[in-house]
Protein chains: 2
Amino acid sequence: MIDAAGLRVMKAIADEGSFTAAATSLGFTQPAISQMVRRLEQRTGTALVERLGRNVRLTEAGEVLARHAVTVLAALDAAEEEVAAIAGLRSGRVRLMAFPSSSASLVPKALALLKRRFPEVSVRFSEGEPPESLAALRAGDCDLAVAFAYEGTDVGRGEDLDAFVIRPLMEDEVRLAMPPDHPQAGQSVVNLADVSQDSWIAGCPRCRGHLVSLAQGAGFSPNVAFETEDYVAVLGLVRAGLGVALVPDLILEAAHEDGIVARPLMPPSRRQIHAVTTEDLQRVPAVAATLEALEESARSRTKTLVRR
Amino acid sequence: MIDAAGLRVMKAIADEGSFTAAATSLGFTQPAISQMVRRLEQRTGTALVERLGRNVRLTEAGEVLARHAVTVLAALDAAEEEVAAIAGLRSGRVRLMAFPSSSASLVPKALALLKRRFPEVSVRFSEGEPPESLAALRAGDCDLAVAFAYEGTDVGRGEDLDAFVIRPLMEDEVRLAMPPDHPQAGQSVVNLADVSQDSWIAGCPRCRGHLVSLAQGAGFSPNVAFETEDYVAVLGLVRAGLGVALVPDLILEAAHEDGIVARPLMPPSRRQIHAVTTEDLQRVPAVAATLEALEESARSRTKTLVRR
DNA sequence: GCCGATCATAACGTCCGGTTATCGCACCGC
DNA sequence: GCGGTGCGATAACCGGACGTTATGATCGGC
């Protein structure tokens with residue numbers, strides 16, 4: 001029945017003292033004010049202004065509206081400013097979920113970039129392997145996921161991925177990690193068949209799956225001596241000479257490489273790293289900005305890789 | 001940019017959990033909500049809802065709007081309720097100004113009526129002779145004036161009375177007041193010429209003007225021995241035998257009449273009592289109600305008069 | 001695998017709320 | 001007094017916001 005525009009008009013009249021002045025102060029023409037007041041008067045059923053000669057003055061009811069206008073307009077402005085801050089990246093929040101090995105360098109670099117550009121945007125970051133992160137995305141508990149897929153597979157297996165927006169970030173080459181005294185340590189590239197008899201250290205379940213699948217391609221079934229989700233432990237075990245392992249470049253870059261030799265495979269194997277979100281969340285500025293920061297972080301890292 | 005309707009929609013979505021439910025809760029159809037949200041999203045420049053399968057959930061910005069909606073809508077409701085109370089006579093104020101002799105019975109009776117009907121309406125009452133009350137009305141310091149005019153004259157002399165709304169309330173007959181032992185006390189009506197030699201007690205300036213004018217019509221110039229604004233004093237002086245006076249019925253009714261004889265004049269003289277307000281103020285419910293109460297009070301008093 | 005529920009979209013109508021143009025009128029200065 | 005100036009009211013008009021109905025696309029459950 002009564003709306004913010006009406007209140008704004010009443011307040012302008014109260015402040016300016018005349019319809020004409022109120023009109024110019026609001027950027028309207030005078031008849032607009034005249035009509036607005038008339039509408040308000042017939043809606044409320046009482047006179048709101050008193051025409052005294054050529055001036056107008058508010059009646060009691062008019063004063064009431066003008067008084068409340070301050071409250072309402074302030075609240076409206078506050079709301080508007082708050083969403084404008086979110087839209088303008090002067091505020092806002094993004095919930096990011098990334099798989100563990102990405103948190104070593106890709107994600108921190110991206111978050112540093114984001115923080116530098118938009119210091120007020122707050123990030124809630126948690127780790128999670130692709131299945132969990134996609135589930136969180138679907139459940140609305142997460143805005144943006146960093147996930148990976150080994151070449152030839154999809155990010156979410158079994159998930160209907162067309163509900164998501166998937167942006168490729170970078171490729172991560174998988175290498176064979178071994179102790180320096182390993183027979184293959186001297187080669188520049190390693191053929192998997194040449195290490196078919198070694199003991200293996202396996203990483204996360206999906207990584208183990210990948211290892212098995214690659215080995216199968218090379219005609220053997222790997223002898224997995226140790227299994228751990230923790231890649232620092234994987235490297236430690238390799239360093240201690242307990243076996244060899246397939247380790248993505250991303251991990252090697254972040255960890256100590258002393259006592260480890262890592263060589264590309266022949267044929268090469270890579271995993272694709274993606275940022276995943278939804279159509280809607282992509283339109284949330286903080287999410288878009290984070291996505292962009294991730295892409296930049298990925299690009300800059302690619303250069304580093306090339307330099308290596 | 002952002003208005004109450006938008007906030008209402010966001011709040012409904014937050015409360016109901018779906019567009020459809022929000023629509024029915026607001027009495028709209030579902031597409032109306034869809035479009036409203038879309039408009040809001042493109043105005044604010046950020047996603048406000050997240051479509052998850054068949055349900056929707058608010059984004060951070062959406063939550064912000066829904067949260068502020070409570071404040072804004074409450075303030076709007078409060079404003080609306082407050083003017084509705086004024087319009088519905090559950091609140092409000094009327095500033096009444098009446099000439100002194102009306103405050104004896106006409107006005108009190110009207111105010112009692114008003115109070116009985118609309119106990120919450122507050123009345124600010126002050127006394128003032130017509131010139132002042134009309135000036136107050138014009139200055140916006142008063143909403144309703146009770147004024148009088150002797151027959152053949154206007155309420156405001158020199159005032160542009162078409163700026164006002166003038167409603168006749170009642171006629172007030174002017175009588176000659178004299179002590180019981182006065183030679184004319186035995187007559188049922190008195191001819192002014194018969195008291196041309198008496199000493200006169202005059203009331204307010206306008207009343208004195210009326211006396212002079214009436215006497216002039218009867219061919220004499222009155223010998224005014226005393227002059228006072230206070231009609232109680234006038235009657236006292238008459239009672240004490242210091243002269244005769246022209247006294248309106250309204251006064252006689254309110255004062256002690258002991259020791260006084262009051263007789264109609266021949267030809268009769270009356271003053272007209274009016275309620276005066278402005279076009280705008282007439283549309284203020286409290287003013288209209290007071291006006292009506294005055295009219296009823298006047299009507300009931302006329303009956304009393306007739307009975308006398 | 002179909003069905004029901006939900007949101008999106010298209011096409012459309014209406015009315016709100018602005019505009020321009022003009023009038024009426026109060027005040028003011030000659 | 002009498003015209004000019006400024007303000008509010010009114011009329012006519014117009015566009016867009018914001019509803020509607022009808023229909024399509026999808027998700028999720030039985």
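So you know, we letter chains A, B, ... as the sequences are listed, proteins then strands, and number each from 1. None of these values were measured; they are calculated from a predicted model.
Side-chain N/O atoms of A:R38 include none lying less than 4.0 angstrom from OP1 or OP2 on D:dA9. The side chain of A:S34 places an N or O atom within less than 4.0 Å of a non-bridging phosphate oxygen (OP1 or OP2) of D:dA9.
Side-chain contact between B:S91 and B:E82: absent, with no pair of heavy atoms (C-beta onward) separated by less than 4.5 Å. A:E295 places a side-chain heavy atom less than 4.5 Å from the side chain of A:L169. In this structure, the side chains of A:T278 and A:V165 stay at 4.5 Å or more apart for every pair of heavy atoms.
To the nearest 0.5 Å, the span separating CD on B:E63 from NE2 on B:H68 amounts to 12.5 Å.
Taking atom CZ of residue A:F19 and atom C1' of nucleotide D:dA9, one finds them 10 Å apart after rounding to whole Å. For the pair A:R283 CZ and C:dA8 P, the interatomic distance rounds to 10 Å; values are reported in whole Å. Atom CZ in A:R51 sits roughly 15 Å away from atom P in C:dC27 (whole-Å rounding). Atom CG of A:L52 is separated from atom P of D:dG8 by 12 Å (rounded to the nearest Å). Between the CD atom of A:E279 and the P atom of C:dA8 there is a distance of 12 Å, rounded to whole Å. In this structure, CZ of A:R138 is placed 10 Å from C1' of D:dC27, rounded to the nearest angstrom. Between the CG atom of B:N55 and the P atom of D:dC27 there is a distance of 13 Å, given to the nearest Å. Atom CD1 of A:I2 and atom P of C:dC16 are 16 Å apart (whole Å).
Pairs of Watson-Crick or G-U wobble type, with distances under 3.5 Å, assemble into runs of 3 or more in DNA chain C at these ranges: C:1-30 with D:1-30.
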Distances under 3.5 Å only, N/O to N/O: pair up the protein atoms with those of nucleotides 16-20 of chain D.
unit_1, atom_1, unit_2, atom_2, d
D:dC18, OP2, B:R39, NE, 2.9
D:dC18, OP2, B:R43, NH2, 2.9
D:dT20, OP2, B:T29, N, 3.0
D:dT20, OP2, B:T29, OG1, 2.4
D:dT20, O4, B:Q35, NE2, 2.8

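In the set C:dT9, D:dG8, C:dC7, D:dG8 carries the atom at the smallest distance from any side-chain atom of A:S18.
Partners of B:F19 by ring-ring contact (aromatic ring centres under 6.0 Å, His included), not counting sequence neighbours: none found.
Residue A:K11 forms a side chain to side chain contact (heavy atoms under 4.5 Å, CB included) with just one option from A:L65, A:L26, A:V70, and that option is A:V70.
The minimum heavy-atom distance between A:A69 and A:L7, with the atom names listed, is CB-O, 3.4 Å. The two residues B:H274 and B:A149 make their nearest non-hydrogen contact at NE2-CB, 4.3 Å.
In this structure, A:E81 pairs ionically with A:R90, as a charged nitrogen and a carboxylate oxygen lie closer than 4.0 Å.
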